[in-house]
Number of protein chains: 2
Amino acid sequence: MATIHDVALKAGVSVTTVSRVLNNRGYISETTRGKVYGAMSELNYQPNELARSLLRKQSNLLGLIIPDVSHPFFAKLAERIEYYADQEGYKILLCNSQMNPAKERDYIDMLKRSRVDGIIMGSHTLDIGEYRNLHSRLVTFDRKIGEDIPYLSSDNYRGGKLATELLLSKGCRKIAHICGNLELDMLSQRRTDAFLDAVRKAGVEYLIVQTEMNGLDEARYRGLLQSLLEAHPDIDGIFATSDVIAAYALKECIRTGRSVPEDVRIVGYDDVSAARWATPELTTIRQPIDGFGREAVRLLRMQIEGRPVSNQNELAVELVERGTT
Amino acid sequence: MATIHDVALKAGVSVTTVSRVLNNRGYISETTRGKVYGAMSELNYQPNELARSLLRKQSNLLGLIIPDVSHPFFAKLAERIEYYADQEGYKILLCNSQMNPAKERDYIDMLKRSRVDGIIMGSHTLDIGEYRNLHSRLVTFDRKIGEDIPYLSSDNYRGGKLATELLLSKGCRKIAHICGNLELDMLSQRRTDAFLDAVRKAGVEYLIVQTEMNGLDEARYRGLLQSLLEAHPDIDGIFATSDVIAAYALKECIRTGRSVPEDVRIVGYDDVSAARWATPELTTIRQPIDGFGREAVRLLRMQIEGRPVSNQNELAVELVERGTT
DNA sequence: TTGTACGCGTTATCAG
DNA sequence: CTGATAACGCGTACAA
């Protein structure tokens, strides 16, 4: 692969001149510029970003750590993040932690060694202290890990409230809430808080089922839903914390002869496109995934440029009513 | 961020010694080794991979260009590729071409500037010639672009044959085949070839509908399915070239009062997890996505190590019969 | 308007 | 066993 020296040689100028042409710096005569461009295209020259990054102490790399990019929510999130990153000149290093703390730690180290300019943390299996000692530019999703580290989330409480109140307003009297692991101390627990506030206030029966969300093992979802509906055949409302789970819930209802929404009403979360493949289509709480992507990249860029950023970033959610309610 | 010099200074040795400890090269006294490790952990030292890569002329980066990581098939593929890449010490740079030739070209250039060790091409919007002049180590998916460039695909003809013959054996007499853009010259066209061979041999009615696959615009799928079923109300079999499309087909059938599989039988392709969210679950042709990921990384590693690789790599497919047939 | 020389953080080579 | 030095490819003072 050609270097800047080869180009300089072929163009009959110095490397400095080539560099100047490359970066549009200083004054350069048109003839020189032409010669340099000619040599560059003849040699198929591509500047070595490794060398540039080393010199500039800036790699234009962003690390993205998520549980699993094959989960529809994170797939869409990754796509949006990559889109905005590309627009702003950043490249994305993809890391799937599989919710494995050891892997997550290794990925963090790898990203530091790779001198990424920032890390987007969508996976949170480690203790807060570990993240705080990172000394890397960070943006986290749905988890608060320190006053000085920006996080991005949506209005989870409102999402939970909208979902639960919709079920209540439709007359549900025994509602199941299926959520992720509450020990992880994620902001998505506000959904559960809101659920509890709403069902208690309404005085209806309810139950809460925890699951490792993030789609690591879909077989587990099926089993979970099955035993839930068996143990509580009189459930008439389900608020799931992701559309994937809601889709399984819907399936299980239909399989067991329940009609949706007549016998059981279901609300999902995220509004990934999977919500529209189901029949009937899922009523769900739409998360602003595009906004997440845009903001994640922007928050990182601001930090990279040394500009102040707000640490609490909550975007709005929206109730999307479809066929399951 | 600490450098090797800082470590050397703190440990009271030379940078060479630190480098030796780091890479386990040559003989080093235990005391020295201890001092160096001590200094490294005190300073939280992380070797700069940029500098290493520059020197070694090897970045351990792999570029992955796909149409859109939010499409379930590519999401799973990306996850598997990242998994195996990580196992073999490679990192993944994620690129979503959005089926846009200009973007694809830009990504290719970006990857070359980043000095990736190899590129996995899952997006194919450019002419074969452009890929051939790349002079990068490549692996392509489902497209043959030259005798010396390894490609990875599954047995598309067999997949199409299995799907179509299943529909025929169930008694379908008018079968629609929904596939991607046939102009792109992808190997997945073998599915269509097989479809044609089978329906013609059986002497049943058939029609072929092309679509930009890869889920770029799901609204278009819906419209397409709608007009298809309107124009041909007597269709009793559908062979879709992806589960996403099949899921929309299923939805549209149900919406228009058809029962599946009684009135219309449907076969999808890929066997992504979405196939199991549908009700009834989709009958589909399973693609070996895990095998794709493993082989893609392996084929690239072999090339990087200068070892010979086979250029034609076809993995087996499998019919998975579920509820839609 | 153009060129020389140094440094970014590492590793390989060669000397001690 | 350990250390000095050159090189990887590039950008930028500083000089001309």
Side-chain angles (χ1 to χ4, degrees), chain A residues 1-40 43-61 89 109-117 136, chain B residues 1-40 43-61 89 91 109-117:
Chain A
M1 182 131 286
T3 78
I4 200 172
H5 286 95
D6 303 326
V7 177
L9 206 66
K10 168 146 287 189
V13 298
S14 77
V15 291
T16 313
T17 305
V18 178
S19 174
R20 281 216 185 80
V21 173
L22 214 53
N23 301 288
N24 275 319
R25 260 193 251 301
Y27 291 101
I28 301 219
S29 74
E30 272 314 311
T31 39
T32 309
R33 189 185 297 273
K35 278 190 296 184
V36 171
Y37 277 133
M40 291 202 307
L43 293 172
N44 237 301
Y45 172 68
Q46 304 277 10
N48 187 330
E49 287 295 335
L50 262 30
R52 288 185 176 207
S53 302
L54 182 59
L55 191 62
R56 271 186 293 174
K57 297 174 176 312
Q58 169 156 342
S59 62
N60 287 326
L61 282 170
D109 283 347
M110 179 275 273
L111 292 175
K112 293 180 83 164
R113 287 196 303 273
S114 300
R115 296 299 189 265
V116 296
D117 294 336
S136 295
Chain B
M1 183 132 286
T3 78
I4 200 170
H5 285 95
D6 303 325
V7 177
L9 206 65
K10 168 145 286 189
V13 298
S14 76
V15 293
T16 312
T17 304
V18 177
S19 175
R20 281 215 186 81
V21 173
L22 213 53
N23 301 288
N24 275 318
R25 262 192 251 299
Y27 291 102
I28 302 221
S29 75
E30 272 315 311
T31 40
T32 309
R33 188 184 299 271
K35 279 191 295 185
V36 172
Y37 276 134
M40 291 202 307
L43 293 172
N44 238 303
Y45 172 68
Q46 303 277 12
N48 187 330
E49 287 295 336
L50 262 33
R52 289 182 167 197
S53 301
L54 179 60
L55 192 61
R56 271 187 288 173
K57 298 172 176 313
Q58 169 156 342
S59 62
N60 287 326
L61 283 171
K91 302 164 265 185
D109 283 347
M110 179 275 276
L111 293 175
K112 294 179 84 163
R113 287 196 303 273
S114 301
R115 296 300 190 266
V116 297
D117 294 336

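Proteins come first, then strands; the chains are lettered A, B, ... in the order of their sequence lines, and each starts at number 1. Computed over heavy atoms, backbone and side chain alike; hydrogens, waters and symmetry mates excluded.
- Counting only N and O atoms by type, the side chains of Ser19(A) and Thr16(A) include no donor and acceptor under 3.5 Å apart.
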Polar-atom pairs under 3.5 Å, protein N or O versus N or O of nucleotides 13-16 of chain C: list them with distances, or write none.
none

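- Following rounding to the nearest Å, Glu49(A) (CD) and dG11(D) (C1') show an atom-to-atom distance of 13 Å.
- Atom CG of Leu55(B) sits about 11.0 Å away from atom CG of Leu50(A), to the nearest 0.5 Å.
- Of the inter-residue distances, the one linking Asp117(B) atom CG with Ser53(B) atom OG reads 8.0 Å to the nearest 0.5 angstrom.
- Residue-level contact check: Ser53(B) touches neither bases nor backbone, having no heavy atom under 4.0 Å from any strand.
- A sub-4.0 Å separation between OP1 or OP2 of dT2(C) and a side-chain N or O of Thr17(A) is absent.
- Side-chain atoms of Asp6(B) and Met1(B), non-hydrogen and from C-beta on, never get closer than 4.5 Å to each other.
- Without hydrogens or angle criteria, Thr3(A) side chain to His5(A) main chain gives a donor-acceptor distance under 3.5 Å.
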Just the table, please: protein N/O against nucleotides 6-10 of chain C N/O, every pair under 3.5 Å.
from, atom 1, to, atom 2, distance (Å)
dC8(C), O3', Lys57(A), NZ, 2.9
dG9(C), OP1, Lys57(A), NZ, 2.7
dT10(C), OP1, Tyr45(B), OH, 2.7
dT10(C), OP1, Asn48(B), N, 2.9
dT10(C), OP2, Ile4(B), N, 2.5
dT10(C), O5', Tyr45(B), OH, 3.3

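- The distance from atom CG of Leu9(A) to atom P of dC10(D) is 14 Å, rounded to the nearest whole Å.
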Going through the checks in order, is the side-chain contact (heavy atoms from CB on, under 4.5 Å) test met by Ser114(A) and Lys91(B)? CA-CA 10 Å; Ser114(A) 300; Lys91(B) 302 164 265 185; 3.1 Å; yes

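- With rounding to the nearest 0.5 angstrom, the CG atom of Asn60(B) is 7.0 Å from the CD atom of Glu49(B).
- Summarising the geometry, atom NZ belonging to Lys112(A) is positioned 5.5 Å from atom CG belonging to Asn44(B); distances are rounded to the nearest 0.5 Å.
- Here the C1' atom of nucleotide dC10(D) and the CZ atom of Arg113(B) are 15 Å apart, to the nearest Å.
- Taking atom CZ of residue Arg25(A) and atom P of nucleotide dG11(D), one finds them 8 Å apart after rounding to whole Å.
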